[in-house]
Amino acid sequence: MNEAPPLILLFGHGGQLAWELRRTLATLGEVTTAGVDNADHYLDLTDGAALDVLVRELRPALMVNATAYTAVDEAESEPELAYRINAEVVGEMGKLGAELDIPVLHFSTDYVFSGIADRPWKEIDEPAPRSIYGKSKLAGERALLASRAENLILRTAWVYGARGQNFLLTMRRLFCEKDRLAVVSDQFGAPTWSRLIAEAAAQVLAQCKTPHGRFQFGRYNGQVFHLTAAGQASWHEFAQAILEQTAEDCTLESISTQQYPTPAARPAYSVLDNDNLAAAFGVRLPHWRQGLTLCLEEMRET
Ligand SMILES: NC(=O)c1ccc[n+]([C@@H]2O[C@H](COP(=O)([O-])OP(=O)(O)OC[C@H]3O[C@@H](n4cnc5c(N)ncnc54)[C@H](OP(=O)(O)O)[C@@H]3O)[C@@H](O)[C@H]2O)c1
């Protein structure tokens, strides 16, 4: 007799990454989502009791957390909410995971790093976030690690996709509205398509699934891995690549971070080294330019 597919509780539903994970994780089990908008289970993460009730009721085989307070600038004026969603909640997921024996896959960010570096950041490098968003995400990583739940953390960066709020969609809108656009050229990262992150996460989890439908991270339990597209770009280079692939007539100017002040400080250089993920799971994302081409191709077709 066939065993029932394991239940995967995905926190998040319509977010950039959650939307993609709903599809890629479906190959590994029955995915049920929890969130505030259209999710299978209504869950407002600011309500601590609700998380507890839902997890105890569902008893999933795996929790995947694709939620976050991602408004980097707004976080500076809403630190309590940012810490609640990005740190406290993650700790609570961890505690539930430890008590009920449910592994947790969690996502974090390149913004945990200071940005002062002359080579891609490795997992062993010391984080030193410069913003409330980065600090709260780092606090979330640490709360999960301290919870003793079986866990794995994937740090990604500069996420974009066909949905949600992201640089790609903002640029496409602005190219239609403006003749000239000034974009920061002294911050460097790796633009990463949400689809590719979700596919890679599913590949990692497939290797952690036992024949009995459990998920075990084994020797990778409690480890952080970097997961971004290959290569690096400034926001200006990323914008230029988007412009080249759209038919809009817009001139791009390059400006410095100083000329574009924002409430939150961003790392100047947050390119991540992805070698550990490739060595552990044989998973490596393509160059960011390839990811962008694939994403735009799909957007044109839908
Ligand atoms: N965006 C980036 O550039 C970037 C860069 C590096 C790392 N990351 C990390 O990647 C992960 C996914 O980010 P993303 O870009 O997909 O974020 P996103 O598009 O902003 O989506 C955020 C998700 O969080 C959920 N959420 C927020 N507040 C909530 C609340 N009070 N209760 C329940 N759910 C709530 C939303 O739920 P609904 O679906 O219900 O609306 C949504 O699914 C996060 O861990 C983020 O820190 C993102």
Side-chain angles (χ1 to χ4, degrees), residues 9-22 24 31-51 54-55 63-75 78 80-90 92-93 104-113 121 127 129 131-141 143-144 152-170 187 189-198 200-201 224-229 235 238 264 266-267 270-272 285 288 291:
L9 175 54
L10 173 62
F11 297 106
H13 181 89
Q16 293 193 80
L17 186 53
W19 198 89
E20 300 289 352
L21 284 167
R22 274 159 57 199
T24 61
V31 180
T32 193
T33 63
V36 279
D37 238 355
N38 294 320
D40 300 325
H41 304 273
Y42 179 83
L43 176 68
D44 182 351
L45 288 170
T46 57
D47 177 354
L51 172 69
L54 183 70
V55 174
M63 293 190 270
V64 177
N65 182 25
T67 68
Y69 180 108
T70 53
V72 176
D73 287 322
E74 287 83 340
E78 285 190 320
E80 281 174 17
L81 188 55
Y83 269 92
R84 170 71 201 146
I85 306 286
N86 292 345
E88 274 177 37
V89 159
V90 184
E92 286 165 17
M93 288 173 187
V104 182
L105 177 73
H106 176 63
F107 292 89
S108 192
T109 173
D110 56 330
Y111 280 19
V112 298
F113 291 115
W121 294 92
S131 61
I132 296 289
Y133 170 71
K135 287 175 188 167
S136 62
K137 290 291 294 181
L138 179 61
E141 288 184 5
L144 182 57
L152 204 69
I153 296 173
L154 300 175
R155 281 192 195 134
T156 189
W158 292 33
V159 180
Y160 67 88
R163 282 158 200 84
Q165 291 195 347
N166 60 64
F167 187 83
L168 168 65
L169 297 184
T170 304
Q187 287 172 29
T192 307
W193 183 20
S194 51
R195 166 79 50 84
L196 298 179
I197 303 169
V224 175
F225 288 96
H226 291 168
L227 168 60
T228 60
W235 291 114
F238 186 26
R266 271 114 171 125
S270 64
V271 180
L272 303 182
L285 298 191
W288 67 266

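First listed ligand is number 1; within each ligand, the first listed atom is number 1.
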Sequence neighbours excluded, every pair satisfying salt bridge (Lys or Arg N to Asp or Glu O under 4.0 Å) that has a member inside residues 34-43: none

Main-chain N/O of Ala68 paired to Asn86 side chain as donor or acceptor, under 3.5 Å: no

List below, pair by pair, the N or O atoms of ligand 1 and of the protein that are less than 3.5 Å apart, including the distance to 0.1 Å; reply 'none' if no pair qualifies.
unit_1, atom_1, unit_2, atom_2, d
ligand 1, 3 (O), Val159, N, 3.0
ligand 1, 15 (O), Gln16, NE2, 3.1
ligand 1, 16 (O), Gln16, N, 3.3
ligand 1, 16 (O), Leu17, N, 2.9
ligand 1, 19 (O), Gln16, N, 2.9
ligand 1, 20 (O), Thr70, OG1, 2.6
ligand 1, 24 (O), Ala68, N, 3.2
ligand 1, 31 (N), Asp44, OD1, 3.1
ligand 1, 32 (N), Leu45, N, 2.9
ligand 1, 39 (O), His13, N, 3.0
ligand 1, 39 (O), Gly14, N, 2.7
ligand 1, 39 (O), Gly15, N, 3.4
ligand 1, 40 (O), Val36, N, 2.9
ligand 1, 40 (O), Asp37, N, 3.1
ligand 1, 43 (O), Gly15, N, 3.2
ligand 1, 45 (O), Phe107, O, 3.2
ligand 1, 45 (O), Lys137, NZ, 2.7
ligand 1, 47 (O), Tyr133, OH, 2.7
ligand 1, 47 (O), Lys137, NZ, 2.9

Side chain Thr33, main chain Ala39, donor-acceptor under 3.5 Å: no

Residues in side-chain contact (heavy atoms from CB on, under 4.5 Å) contact with Leu169, at least two apart in sequence or another chain: Asn166, Met299

Partner set under side-chain contact (heavy atoms from CB on, under 4.5 Å) for Pro267, not counting sequence neighbours: Tyr111, Ser270

CZ-OG1 distance between Phe107 and Thr67, expressed to the nearest 0.5 angstrom: 11.0 Å

